[in-house]
There are 2 protein chains.
Amino acid sequence: MAKNAAARGPTIRDVAALAGVHPSTASRALDASLPGRVAEPTASRVRAAAHALGYVPDPAARSLRTRRSGLVGVVIPDLTNPVLAPIVQGVEETLRAAGFGCLLADTDNDPAREASAIDELEARRCEGLVIATARRRSAAVERLAKRGPAAVLVTRGLDTGALPLVAADDAQGVAAAVRHLAALGHRHLAHLTGPRDLSTTVRRARAVRESAKALEPPDVDVVVHHGSGFTIADGRRLARALLSAHPEVTAIVAGNDMIALGCLDAMAGAGLRCPEDVSLVGHNDMPFVDRLEPALTTVAIPQRALGVRAAEVLLGRLAGEAVATEQLVLPTQLVVRGSTAPPPPAARRS
Amino acid sequence: MAKNAAARGPTIRDVAALAGVHPSTASRALDASLPGRVAEPTASRVRAAAHALGYVPDPAARSLRTRRSGLVGVVIPDLTNPVLAPIVQGVEETLRAAGFGCLLADTDNDPAREASAIDELEARRCEGLVIATARRRSAAVERLAKRGPAAVLVTRGLDTGALPLVAADDAQGVAAAVRHLAALGHRHLAHLTGPRDLSTTVRRARAVRESAKALEPPDVDVVVHHGSGFTIADGRRLARALLSAHPEVTAIVAGNDMIALGCLDAMAGAGLRCPEDVSLVGHNDMPFVDRLEPALTTVAIPQRALGVRAAEVLLGRLAGEAVATEQLVLPTQLVVRGSTAPPPPAARRS
DNA sequence: AGTCTGGTGGCAATCGATTGCCACAGATGG
DNA sequence: CCATCTGTGGCAATCGATTGCCACCAGACT
C-alpha cells in the first residue's frame, strides 16, 4: 500500500568505506568544528567521498546523540496580521542563517492554543522558542523561564520580566503622537486599545496618559477604553461606543493599526469624517496603512528589526551567553500622514 | 560555559520500570494504533506511569527508528505578501491537526534560495513539502516528482504537471473581470502582469486574451505587458509605461493585487483618477484591498481553502493514497468594488 | 490427555551519528 | 637508547524508541 521505498540515502559508514577509514574518522573529518583532529589528506578524502555519494547526515541520528534538534519554534497570534509578517521574516532569516529551522505555530490569539503549541514545540525538542503571543501573566510562558527550551519574547512581555523581551519603544512613539495631536489643537483625546492582559496595551495606555499629563499646559484630557482584542471588529465596537458616549473627543489614539481600521469604519458609520471631524493615530505602521484613505498617521515600529533582534538574542542564549533577562527596546517613530488634522473649529457636539 | 543541564526527561525505560513491564511493552501500550496488542490492565498501568512521569517520547529516537520526522516544509515566496498569510494559516492548521509540524522557509522570490530551501528541508528529512514558489520550469522542484519528499504545489504550477497543484480557477475569475469591464463599456483593455515563467501569469494572461476574443461582439482589444515580478514596484513601472504608450486604454486588469497597487500609484502620478479615467481590477482579493481608495475590484480566490486543500492533498499522499498528480482547481469570484466604472465619455487621449 | 490457537509480553537488534577512550606510530628529548 | 609526547585513527558504547521474532500460558478442541 503505502509506498515503502524509503530509499535510504548513504550513511556515514558508506562514506567511511569509500574513503577507506573508520566511520568515526569520517564523522570527525566532516565536523568543521574539529580542525586538525583529522590529518588533512585523510579529511579531504572523506570530504570527496561524502560529496561523491551526496551524503547528508541524518538529523534524527545526530539529534539523538547530540541532544540538539536544530529547531526553533515560532509562536505567533495571527499570521494574517500584517505587522507580524516582517517580524517572522526577520526571525526566520536570522535563524536560518545560523543553521536553525523554524517551526511555525499560529495560536489564533487563543491562550489555550498557545499553551498547547508550546507543549508541542517542546515535545519536538525545539532548542529555542520565539514567542509573540505572551500575555502579562501566563503559566505556560512563565514556566519556560525555569524549565524547557530557551525562550525569547517579541513585542508582548511578561509582567515578571522573567524572560528576555525584544519590543519597540511604544511609550516614546505614543508620546510623540499625543504631542502631535495636542499641537494640532486637540484637547479631548481617546485611547482605544486592546485587552489589559497584554503588556503592549498597558505600556501604550500608560504612555498616552502620562504624556498628556506632561503637556505644557496640561489641558488635554484622555479617556481610555479597553476592548477584548486587537482586531478590526474590536476597534469598531470601541469606537462606536466612544463616539456616542464622548462627543467631545476629537482625536483617537488607537492601540494598534487594526483597531484604527475599526475606528475608521465606526466613524464612517456615524457620518464623521477623518481627519476633518476626528483625527486618528494608529500603531505599528503595518504594511499598506499608508495606502488607506485617509493614509493613516501611525507609530512606526522597526518590524523586521524586532524579528532579527529577537532571533539574535535567542541565538546568544543558545550559544550559552549570560542568562540576562534583558528587555531590549528598539526605537519607534511617529509617521504623520493624512488621518490627523486640527480639530473642527467648533468642537463637535453630540 | 553553556549550561549543559540537558535535564533529560523520563524515557520509555523509566515508564516501563514504573509500570513493571518491558520497554517494548510500554511502547506498544502507548501506541494507539495497536489496539488490543497489550492487555487493557497492563496498558492502563503503562499509561498511568507515563502520565505520572510526564513522559514525552523523544522525536529523534522515534524518527531514527521509524524513518518519519513528522515534519513538513512550507516554501513561500514572500511572507509579507498578504495573500500568503491565509494560505499558510490553512496549511499550518491542517497539518498540525494531523500531527505534523510546519517548517517555514521564505525564499524572497529568489529561485536560488528556493533551491537551497528545498535542499535544506530535505536534509531535515521533511516528509512532505508544500511549495508556493514554483516556476513553470524548475529543476529543483521537478526533481521532487522523482526523488525526495512528497510535494504539493499551491497556486503556482509546473508546466509538466508532474506534481499535484492546488490553485484557484483564475481563468474563470479573469474572464468575469473582462466581461465586467466590457459591459461597463470599455473597449481598450490592458493586462499588466508578472514574469512569464510563472504559471499564474500565463494562465491569467491567456484568460484575458481569450475571454476578450470570446466577447459578443468581439470589439475589445487587449494589450498585455509582463513585468519582472509581482510587486508594487513592478506594477508601478508597468503602468507608467503603459499609460504613456497606450493612452487609449481605459481599463487595466492587473496580474495580482500588488501590481494593482502599483497601478494606482502610477495613475496618481500621471494625474489620472481611478475609476473615473481608468478602471482597475486586481487579483487575489488579499486582505485590506477592500479598504483602499478606491476600494479595489478584484478576483477573489479562496485563500484559506487553498492552503487547507493543499495540506489535505499532501496528507493523502503521505498516507499512501494514489500518486495521481491531480490539478485541483478551486472556484474564484469577481468582487466588484469601487475601482471599476464606465470609461470617460470621450475616450481619453494622449 | 495431547495439541493447537490466540493472546500477551519479553528479548534483542536496529536506526545513524557522535565521542570518550585507547592504541599505535613517529618524533622529540633526556 | 629508552621514555615521553603528539598526532592520528580505530573501537565500541551510546542516545531512545520501535518492532520482528520468540516464548509462555490458558483455554479449547479433538
Side-chain angles (χ1 to χ4, degrees), chain A residues 2 4-47 49-50 53-70 99 123-125 127, chain B residues 4-47 49-50 53-70 99 122-125 127:
Chain A
N4 208 0
R8 303 205 248 282
T11 74
I12 189 109
R13 317 176 68 93
D14 300 323
V15 174
L18 181 56
V21 299
H22 192 272
S24 65
T25 305
S27 174
R28 283 188 279 249
L30 262 17
D31 183 342
S33 74
L34 295 177
R37 184 63 182 75
V38 172
E40 188 43 45
T42 314
S44 72
R45 234 170 47 238
V46 172
R47 280 193 297 269
L53 262 39
Y55 169 71
V56 177
D58 184 312
R62 165 177 292 171
S63 175
L64 178 58
R65 177 68 219 238
T66 64
R67 320 295 309 160
R68 282 178 292 102
S69 63
R124 287 187 189 274
R125 299 291 194 269
E127 294 179 53
Chain B
N4 208 358
R8 302 205 249 282
T11 73
I12 189 109
R13 317 176 66 92
D14 301 323
V15 174
L18 181 56
V21 299
H22 193 271
S24 66
T25 304
S27 174
R28 285 188 278 249
L30 262 18
D31 183 342
S33 75
L34 296 177
R37 184 63 183 76
V38 172
E40 188 42 46
T42 314
S44 73
R45 234 168 50 236
V46 172
R47 281 194 297 270
L53 261 38
Y55 168 72
V56 177
D58 184 314
R62 163 177 293 173
S63 173
L64 178 59
R65 177 66 219 237
T66 62
R67 318 297 307 160
R68 282 179 293 104
S69 63
E122 200 172 344
R124 287 187 189 275
R125 300 290 194 269
E127 294 179 52

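Protein chains get the first letters and strands the later ones, always in sequence-line order, with residue 1 at the start of each.
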**Q.** Note: B/Asp58-B/Arg65 ion pair, threshold 4.0 Å (strictly below)
**A.** no
Q.
Taking side-chain contact (heavy atoms from CB on, under 4.5 Å) as the definition, give me every residue that meets it alongside B/Pro57, ordered by chain and number, with sequence neighbours left out.
A. B/Tyr55, B/Arg62
Q. Residues in side chain to side chain donor-acceptor pair (under 3.5 Å) with A/Arg28, at least two apart?
A. A/Ser24
Q.
Checking A/Ser63 now: which residues fulfil side-chain contact (heavy atoms from CB on, under 4.5 Å) with it, not counting sequence neighbours?
A. A/Ser69, B/Ala60
(Q) The criterion is side-chain contact (heavy atoms from CB on, under 4.5 Å); which residues satisfy it with A/Ala39, sequence neighbours excluded? (A) A/Pro41, A/Thr42
Atom pairs under 3.5 Å, N or O on each side, protein against nucleotides 20-23 of chain C: can you list them with distances?
{"unit_1": "C/dG20", "atom_1": "O6", "unit_2": "A/Arg28", "atom_2": "NH1", "d": "3.3"}

Q) Considering only side-chain heavy atoms of B/His22, which listed nucleotide, C/dG10, D/dT19, C/dT8, is closest? A) C/dG10
Q. Judged by atom type as modelled, is there a donor-acceptor pair below 3.5 Å linking the side chain of B/Arg124 to the main-chain atoms of A/Gly70?
A. yes
Q.
Is the phosphate of C/dG16 approached by B/Arg67 (side-chain N or O, under 4.0 Å from OP1 or OP2)?
A. yes
Q: Look at A/Tyr55 and C/dG16 and indicate whether a side-chain polar atom (N or O) is within less than 4.0 Å of OP1 or OP2.
A: no
Q) Rounded to the nearest Å, what distance is computed from the CG atom of residue B/Leu53 to the P atom of nucleotide D/dG16? A) 14 Å
Q: Identify which nucleotide among D/dG9, C/dG10, C/dA17 has an atom closest to any side-chain atom of A/Arg62, counting heavy atoms from C-beta outward.
A: C/dA17
(Q) Without decimals, in angstroms, what is the distance between B/Arg68 CZ and C/dG16 P? (A) 15 Å
Q. Should A/Ser27 be listed as having a side-chain N or O under 4.0 Å from OP1 or OP2 of C/dT18?
A. yes
**Q.** Separation of atom CG in A/Leu30 from atom C1' in C/dA17, rounded to whole Å
**A.** 11 Å
Q.
Closest-nucleotide mapping onto DNA chain C: is B/Arg125 or B/Val38 further toward the 5' terminus? I mean the 5' end.
A. B/Val38
Q. Under the side chain to side chain donor-acceptor pair (under 3.5 Å) test, which residues partner B/Glu122, sequence neighbours left out?
A. B/Arg143
Q: Respond yes when some side-chain nitrogen or oxygen of B/Thr42 is under 4.0 Å from OP1 or OP2 of C/dG9, and no when none is.
A: yes
Q.
From CG of A/Asp31 over to P of C/dA17, roughly how many Å is that when rounded to an integer?
A. 13 Å
**Q.** Between P of C/dT18 and CG of B/Leu64, the distance in whole Å
**A.** 12 Å
Q) Given atom CG of A/Asp14 and atom C1' of C/dG16, what is their separation to the nearest angstrom? A) 10 Å
Q.
Using the side chain to side chain donor-acceptor pair (under 3.5 Å) criterion, which residues pair with A/Arg47? Sequence neighbours excluded.
A. A/Glu40
**Q.** Proximity to the side chain of B/Val21 - top-ranked nucleotide from C/dT18, C/dG10, C/dT8
**A.** C/dG10
Q.
Determine whether a donor-acceptor pair (N or O, by modelled atom type, separation under 3.5 Å) exists between the side chain of A/Arg13 and the backbone of A/Pro23.
A. no
Q.
For residues 30-39 of chain A, which residue pairs pass the side-chain hydrogen bond (donor to acceptor under 3.5 Å, both in side chains) check, not counting sequence neighbours?
A. A/Asp31-A/Ser33
Q | Estimated bend of the helix from C/dA1-D/dT30 to C/dG30-D/dC1 (axis per five terminal pairs, rounded to 10 degrees) | A | 60°
Q | Length of the line joining A/Asp58:CG and C/dT14:P, which is rounded to integer Å | A | 17 Å
